[in-house]
Engineer: 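This is the structure I have questions about; it appears just below.
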Amino acid sequence: MAFINKHDLLKKGLQAERFKFRIGEIATMTGASTRQLRYWESKGIISPIKREGDEARVYNHETYIKVSMIKHFLDEGNSLKVAVQQTKELEKIWRTVHDVISVGVQGIGILDGEEVVDFGYFDEDHKQRLYAKRDDKQGIKYIVKDVADN
DNA sequence: TTTCTTACA
DNA sequence: TGTAAGTA
């Protein structure tokens, strides 16, 4: 069973924390204008993780998600103030989702000839592991397999 | 080409 | 917020 461990997975750059975007990219990805992004920054709603010298703003993955949510609520007809408030509530949920996936995915590899994602131990005794694979009809199929079988 | 700040609509 | 101007 040739599994790629978490370390290698991270080295491949699959962690969202490593993604960085410039203002124009955030704008095209979210639909928000660069003007809005700079305005929101002046209001303390968002902030770039850094500035390339004294030039371009650089945003992280978290900000991309946040901007996407604000834009979403704005498009629903909410005021900026309301959109930001609704976003704050959703951010908690998003962090949980992200963390669970980030910590949960232990590795990737081949199981019984098929590509699967290793989600780590399934039980308290660490005798079984949970795997998941893509299933065209049902979306995702989960597999619980005894560690001894590997 | 992209981003930046400033300023006016 | 959009847009124009003049830069870096």
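Per chain, numbering begins at 1; letters A, B, ... match sequence-line order.
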Engineer: Measure from the side-chain N and O atoms of A/Ser102 to the backbone N and O of A/Asp99, and report whether any donor-acceptor pair falls under 3.5 Å.
Structural biologist: no
Engineer: For DNA chain C, which residues in residues 61-75 of chain A have a heavy atom at a distance below 4.0 Å?
Structural biologist: A/Leu74
Engineer: Treat a base pair as Watson-Crick or G-U wobble with both distances under 3.5 Å, then lay out DNA chain B in dot-bracket form, 5' to 3', with | for cross-strand pairs.
Structural biologist: .|.||||||
Engineer: Please check this pair: side chain of A/Lys66 against backbone of A/Ile45, looking for a donor-acceptor N/O pair closer than 3.5 Å.
Structural biologist: yes
Engineer: Under the 3.5 angstrom rule, does the side chain of A/Asn78 hit a backbone N or O of A/Ala83 as a donor-acceptor pair?
Structural biologist: no
Engineer: Just how far is it from atom OG1 of A/Thr87 to atom NZ of A/Lys92, taken to the nearest 0.5 Å?
Structural biologist: 13.0 Å
Engineer: Can you tell me the distance, in whole Å, between the CD atom of A/Glu41 and the P atom of C/dT1?
Structural biologist: 15 Å
Engineer: Both conditions, 6.0 Å and 45 degrees, for the charged tip of A/Arg129 above the ring of A/Phe122: are they met here?
Structural biologist: no
Engineer: Distances for protein N/O vs nucleotides 1-3 of chain B N/O pairs under 3.5 angstrom?
Structural biologist:
| from | atom 1 | to | atom 2 | distance (Å) |
| --- | --- | --- | --- | --- |
| B/dT3 | OP1 | A/Gly24 | N | 2.8 |

Engineer: For the pair A/Asp123 (side chain) and A/Lys127 (backbone), establish whether a donor and an acceptor sit closer than 3.5 Å, ignoring hydrogens and angles.
Structural biologist: yes
Engineer: Under a 3.5 Å distance rule, please check whether A/Gln106 uses its side chain to pair with a backbone N or O of A/Val103 as donor and acceptor.
Structural biologist: yes
Engineer: Nearest whole angstrom, please: distance from the P of C/dT3 to the CD of A/Gln36.
Structural biologist: 11 Å
Engineer: Can you tell me how far NZ of A/Lys133 sits from CD of A/Glu115, rounded to the nearest 0.5 angstrom?
Structural biologist: 11.0 Å
Engineer: Do you see a donor-acceptor pair shorter than 3.5 Å between the side chains of A/Thr63 and A/Asn60?
Structural biologist: yes
Engineer: Would a distance-only check, ignoring hydrogens and angles, find a side-chain to backbone donor-acceptor pair under 3.5 Å from A/Gln36 to A/Ser33?
Structural biologist: yes
Engineer: In whole Å, what is the span from the CZ atom of A/Arg35 to the C1' atom of B/dC8?
Structural biologist: 11 Å
